[in-house]
Protein chains: 2
Amino acid sequence: MARTTDGDGTPVPQRLLAAATRLFAERGYDRTSVQEIVEAAGVTKGALYHYFGSKDDLLHEVYARVLRVQQERLDAFAGADEPIEKRLRGAAADVVVTTIENLDDAMIFFRSMHHLSPEKNKQVRAERRRYHERFRALVEEGQEAGVFSKATPADLVVDYHFGSVHHLSTWYRPDGPLTPQQVADHLADLLLRALRP
Amino acid sequence: MARTTDGDGTPVPQRLLAAATRLFAERGYDRTSVQEIVEAAGVTKGALYHYFGSKDDLLHEVYARVLRVQQERLDAFAGADEPIEKRLRGAAADVVVTTIENLDDAMIFFRSMHHLSPEKNKQVRAERRRYHERFRALVEEGQEAGVFSKATPADLVVDYHFGSVHHLSTWYRPDGPLTPQQVADHLADLLLRALRP
DNA sequence: AGGCCCAGACTAACCGGTCGGTATGTATCT
DNA sequence: AGATACATACCGACCGGTTAGTCTGGGCCT
């Protein structure tokens, strides 16, 4: 057996990250001790600090992963060869589905920002801002084209929608009556309906 | 000088609660030490543990205050003698203004739920649920009356709106271009527009 | 004189991070 | 093909520092 996959087949760094993600979402960053993380991953502190510089680094990795995935998916929808209405709806619904499918990530994302070191916090904010602006551009494009109402500033529209996405981790339960896709359709629908001229 | 108002004119318990609120919002519950709270309030631990049973109690007080104020205000708008559209719009806009005027409370509310003890957490959730249901009743009333679209379940509509309220503490800055009232008008507008039949 | 209010020293638990050391794999040379 | 030399992966004991909460004592008001 190779050392790096001792136990199951998953490499140690990924096991650590997975364990940390679950625990951070479950009890919060500060309430999760490094000892608990390494125990959940089936290794010891030595292994953790071999792969990660600090507990903070572990949290930063969660953010980096989420941001990368979201940016990629948004780009795919925004760049599609479709009318603006469809592109915005697609992107708006997709971010809902993706968020629900990774509720732990969402929980951590909005709850633990202030636990990042100042420079990492700044970096995450910058990346997040780029994402926001990309999304806003879609709204503005529709407004310019006369397809969406200009009654509300595009910035606010984006924050309105992402507020509801943010909120998902608070109320959505996998054992509830609605599937992720159904929730996504409804929320995208609300957005598009609010934007009707 | 009376002992309970040593320093300025504010009673010690309120000074402690105010200091705790500010610090919890600023650095988070876990990152705020009891020592910092008592120093900010100009007293010592003896005073804090004379009035509050635990650090957790202090946090619970913040939640109790927010919930009480919000419930009262919602009741006032919901019970007014106005058409349903006006009542919902009034309530929706008011919660935005109130939230912005107490951004620290909002920050704490959604970020620190999991720091409450299990039974207090349960209590807060129950109270929160009552608030949600009161708000949902307004939406349903409008839907029944045919004034609002039935395309989206009322529950989801409420969560959509409160998502954006929740999100305010993340992006709203008092030195930004929009006044609290302007933001409230826009967000209430988006809600009502989404509900157009 | 007795009770409310509070100061401040103290404690027991815990936490993130470090460090010396070990085991296993790989590259190179003979 | 075997030996030597080094790199990588990981263990687990340990340390300095911090924390929430306790306790004893004293001052001020009624």
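Residue numbers begin at 1 in each chain, while the letters A, B, ... track the order of the sequences.
- A sub-4.0 Å separation between OP1 or OP2 of C:dG8 and a side-chain N or O of B:Lys45 is absent.
- Atoms CZ (B:Phe52) and C1' (C:dC5) sit 14 Å apart, rounded to a whole Å.
- B:Leu59 places its CG atom 13 Å from the P atom of D:dA20, with the value rounded to the nearest Å.
- Summarising the geometry, the separation between CZ on A:Arg31 and P on C:dG16 is reported as 13 Å, rounded to the nearest angstrom.
- Under 4.0 angstrom from either OP1 or OP2 of D:dA9 there lies at least one side-chain N or O belonging to A:His50.
- Considering only the side chain of A:Tyr49, C:dG17 comes nearest among C:dC6, D:dC11, C:dG17.
- Here C:dG16 is the nucleotide among D:dG21, C:dG16, D:dC10 with the atom lying nearest to any side-chain atom of A:Lys55.
- Between the CD atom of B:Gln35 and the C1' atom of C:dT11 there is a distance of 15 Å, rounded to whole Å.
- The side chain of B:Val12 lies closest to C:dC6, out of D:dC10, C:dC6, C:dG16.
- Along DNA chain C, the nucleotide closest to A:Val34 and the one closest to A:Gly46 are compared, and the more 5′ of them pairs with A:Val34.
- In this structure, B:Leu48 places its CG atom 11 Å from P of C:dC6, rounding to the nearest Å.
- Closest approach to the B:Ala47 side chain among D:dC10, C:dG17, C:dC6 is made by C:dC6 (side chain taken as heavy atoms from C-beta onward).
- Residue A:Phe110 forms a side-chain contact (heavy atoms from CB on, under 4.5 Å) with just one option from B:Arg111, B:His166, B:His167, and that option is B:His167.
- Geometrically, A:Arg128 engages A:Phe162 in a cation-pi contact defined by less than 6.0 Å to the ring centre and at most 45° from the axis.
- Between the CG atom of A:Asp30 and the P atom of D:dT18 there is a distance of 15 Å, rounded to whole Å.
- A side-chain N or O of B:His132 and one of B:Asp155 form a donor-acceptor pair less than 3.5 Å apart.
- Distance CD (A:Glu39) to P (D:dG12): 12 Å, rounded to an integer number of Å.
- The ring-ring contact (aromatic ring centres under 6.0 Å, His included) with A:His115 is formed by just one residue from the set A:Phe24, A:Tyr63, A:Tyr29; it is A:Tyr29.
- Distance CG/A:Leu17 to OG1/A:Thr21: 4.5 Å, rounded to 0.5 Å.
- Nucleic acid contact class of B:Ser33 (heavy atoms, under 4.0 Å, all strands): sugar-phosphate only.
- One atom, OH of A:Tyr29, and another, C1' of C:dC15, lie 11 Å apart when rounded to the nearest Å.
- Closest to the B:Thr44 side chain, of the nucleotides C:dC6, C:dA7, D:dC10, is C:dA7.
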